[in-house]
Amino acid sequence: MGRGGSRAAPAAAAPPWHALPDEVWEHAFSFLPSASDRGAVAGSCHSWLRAERRSRRRLIVANCYAAAPRDAVERFPAVRAAEVKGKPHFADFGLVPPAWGAAAEPWVAAAADGWPLLEELSFKRMVVTDECLEMIAASFRNFQVLRLVSCEGFSTAGLAAIAAGCRNLRELDLQENEIEDCSIHWLSLFPESFTSLVTLNFSCLEGDVNITVLERLVTRCRNLKTLKLNNAIPLDKLASLVRKAPQIVELGTGRFSADYHPDLFAKLEAACAGCKSLRRLSGAWDAVPEYLPAFYCVCEGLTSLNLSYATVRGPELIKFISRCKNLQLLWVMDLIEDHGLAVVASSCNKLQELRVFPSAPFDAAEQVSLTERGLVDVSASCPMLESVLYFCRRMTNEALITIAKNRPNFTCFRLCIIEPHTPDYITHQPLDAGFSAIVESCKGLRRLSVSGLLTDRVFKSIGAHANRLEMLSIAFAGNSDLGLHYILSGCKSLKKLEIRDCPFGDKPLLANAAKLETMRSLWMSSCSLTLGPCQQLARKMPRLNVEVMNDPRRACPLDSLTDESPVETLYVYRTIAGPRSDTPAYVQIV
Amino acid sequence: MSPPLQHDYIGLKGTELRLGLPGSESPDRRPAATLDLLPAKGAKRVFAHEVPPPAPAPAGKGKAEEEADGEDKKVAAPPQPAAKAQVVGWPPVRSYRKNTMATSQLKSSKEEADAKKGQGFLYVKVSMDGAPYLRKVDLKTYKNYKELSLGLEKMFVGFSTGRSESSVIPGKDGVSESRNDGEFVLTYEDKDGDWMLVGDVPWEMFTDSCRRLRIMKGSDAIGLAPRAGDKSKNKN
C-alpha cells in the first residue's frame, strides 16, 4: 500500500497510507482469514488496533477465564458471532468435579448489554442455565445460531424459550449436552410462521418429542439442511421425516432398531432414494444391520459417516462402508475390527479423518480383533488421511514407524492404548521409537495424544521435533521431571498441555515459567506436584492463574496445608482478568 | 433422566481428588501411578488392586496387571485379564459416550427379557384431574415412591392447592372420606388395565407393572380404607 509521498505533489494528492481513514483499514482487515492474523495486525500500531477491534465480527474466547466478559465486549463492539469455551478438556472424562465454574451467564449478560446485534453464540463445556437461554431469546433481535457443545445446566424449558423467542433462528445445534427433560413441548413453541431453520440437532436430548409437531416443522422449513434426531424417534417416523425433507444434507437418525418388516424397509429405502443431497450420516444407535441396506442408495454420495454409536458388527457394516467410496470422515466402533478397516483402506481412498472408538473400554478382556494392523492398513492406502483417533489394545514401534513413513501429512494423531503402560507387544520395549517417528515425520502435526509405555526419551523427541504441535495429551508416561522439561523447553507452538498420572514434579514448571504464558493452559493431575512451588510459580507469573484443586468433599481449608502438601490437580492458564471470583470451595487460586 | 450437572462420576468415591501424602492411599483408591518412578526402561510398574482378579478368562494380550518387581521384560501375561478397579477418566471416553453406550449395552444384554426392563428409560403418562394436559415421567429416574412423589409435585405444582407435601403418597394421611379439597391421590393403571393405588407393592414391582399414572382428586377416592399405619417399606 505504500504510496509514499509523490514528488510533484498536486493539490489532490492521496493521503499518505498511515493517515488513511479507519474504514479503509477495516475493509482491508476483513480479508484476513484468521483471528490470529487480525490479532497480529492489531498489535502493529494504535490506529490499526483501533480499526481492527472496531470491525471484528467473529470472536473466539478459547478460555472463558482468560478475559472478563465485559472487557471483551467493550473491546470488540461489533461482534456478531462469539464462541466461548469453558472447562478444561479433561472435564469430558470426569476429572473436573461439579460446580467448578465456567458459567455462561456473565457472557450472556455482557453480550446482551454490549452486542445487541449478536447473531451467533456458541458455548463449549460451560454451564448454561435456562435463564441464559431466556436471556438470549429476549436480548438479540436477529439471533440466528445457537450451538451448545458438552454443556449442562439447562432443560427443555430453556429450549422452549429459544423456540418461542428467536424469530430468525437458523441453527439450533445441541451436541452431547446434558439436558434435563422437563417434558415441555418445546418444539411446539416454534410458531407456525417460523420457517427459517437450516440446522436442527437435538440428538442428545433424552426425552420424547412430539413427532407430529416435528413433522410440521420439518415440512415448513424448506431450507432445512441438517436434521439430527434423538434416540426417541423410531425408524418408521424417520422414514416419514426424511420424505418430508428430501433436500437434507446431513441426517442423524434416531433409534435405528426395530424388528425387521419388509414394509418398513421399503418405506425407508424409498425415503432415502429421494435424498439426492445427503452427504453426512450419523446416529444409528443400536443399529439393526438388516436395515442398513435401505441406505445403500445414499452411500456413494456420503462424505461423512458417523457410526460410532452403532453396535453393529460384521458383514453388513463392512458392506455398507465399502459402498461409501467418497468418504472423507469415518467414525466407527472397534467392532469393525482389522479386517473391516482393511476394507475401508481399499474402498475409501479419500478418507481424511478416522476415529475408532472402543466398544468395551472398561473390560479387561479383548473381545474384538482390532489391533495396530487396522491403522497400518488405512494409513498405507488412504493418501489424504490426516486425522486419527484410535483406541486399541496393542501396538508396536514398527507399526508406528510404518504409519509415520506412510503418512507424513498427519495433523492430528491420537492413539489410545487402553491399558496404561502397555509396551510394544512383540519386543516389549517402550513405544518411544514409534512416537518419535511420528513427530519426526509429521512436520505439520498440530495435535498429539500418546499412550502405552513411554519413557522420557519420547518427550525429548517431541520437544525437539514437534514444532507445530499445539495440543499434547499425556497419560501414564515418562520417568522424571526431565520428560516435562523437554516438552516445556521445546514444542515451539504449544498451546494446550494436559497431563495425568505422570511422575512429573514442579521443577520444570518453575524452570519454564515463561513458557506457560505463551500457552493457553496447562493441566496436570495425579502427578508429583507440591503446594509450595505452585505458589512460587503464581508469584513469579502474575499473569497466570494457578489453580489448585482439592478433594471436593474435604472441607480442609487450603491455608492449613504446607509447602510440602501434594497437589492433586493443577490447572494453570494465562489471563488478563486476574483471579476468578467464582471458584468453588475445593479450588484455590494460589 | 439423570439430573443435570452430574458428571459421569463413578460415585464420588471415584474422584478422590485428595491431597494425600504420597504413598498413602485410601482403601478404594488406586495408587497414583506417578508415585513409582519407572526403573530402567521396559520394566512394568506394579499395581495394587482393589478388586481381586476374576477367574481366568481367555485372554489374548500381554497386559500383565500384576508382576513381581524386577521382572524386566516379561509382558506375556498370565492368561488372566484382571478386573481392575476403574481409574477415573481412563480410558478417555467422554461421559456422554459412556452414558449412551451403557444404556444401549443394557438394552442389548436384556433383549430376551421383558423389553421394558432393558430400556434405560421408562416413560409413562401422568394425568391429573383438572389439568389441561398430561405429562410424562421417566420412572427410571426415581428410586422409590418418595422421589416419585416429589418429582410429580414439582411437575404439577401449578395445579395443586393446599396440599401437604406428603399427601400424594397414600398411607401417610390415609385415603379416606376425610380428605378435603386440594388433596390428591396417586393411582396407576397396571398391565391388566386395572387402576391401583400407588404404594402397596414394592417399588420394583410397581415400575414393572405401571403403565400410566393418574393423580385423582381425593374427593373421588372414596370407599378405600385408610392404610393401616405407615408401612415403612413403602416409603422407600
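Within every chain, numbering begins at 1; the chains are lettered A, B, ... in the order of the sequence lines, protein sequences first and strands thereafter.
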- Message: Quick one, A:Phe362 and B:Pro91 - any side-chain contact, counting heavy atoms below 4.5 Å?
- Response: yes
- Item | Heavy-atom side-chain contact between B:Pro92 and A:Phe391 under 4.5 Å | yes
- Task: Count the heavy-atom pairs under 4.5 Å between each of A:Val127, A:Asp208, A:Ile184 and chain B, then report the option with the highest count.
- Result: A:Asp208
Starting at [atom1] of [X], measure out to [atom2] of [Y] and round the result to the nearest 0.5 Å.
{"X": "A:Asp92", "Y": "B:Arg97", "atom1": "CG", "atom2": "CZ", "result": "11.5 Å"}
{"X": "A:Cys182", "Y": "B:Lys154", "atom1": "SG", "atom2": "NZ", "result": "8.5 Å"}
{"X": "A:Glu206", "Y": "B:Asp138", "atom1": "CD", "atom2": "CG", "result": "8.5 Å"}

Between [X] and chain B, with a heavy-atom cut-off of 4.5 Å, which part of the residue counts as in contact: side chain, backbone, both or neither?
{"X": "A:Cys151", "result": "neither"}
{"X": "A:Ser308", "result": "both"}
{"X": "A:Phe357", "result": "side chain"}

- Looking only at heavy atoms, which two atoms of A:Gly94 and B:Val88 are closest? And how far apart? O-CG1, 3.9 Å
- For B:Tyr96 and A:Ser203, work out which heavy atoms get closest and say how close. OH-O, 3.8 Å
- Please step through side chain to side chain contact (heavy atoms under 4.5 Å, CB included) for the pair A:Asp501 and B:Trp90, ending with a clear verdict. CA-CA 11 Å; A:Asp501 292 277; B:Trp90 190 266; over 6 Å; no
- Task: Kindly say whether B:Gly89 contributes a backbone atom to a donor-acceptor pair with the side chain of A:Arg500 at under 3.5 angstrom?
- Result: yes
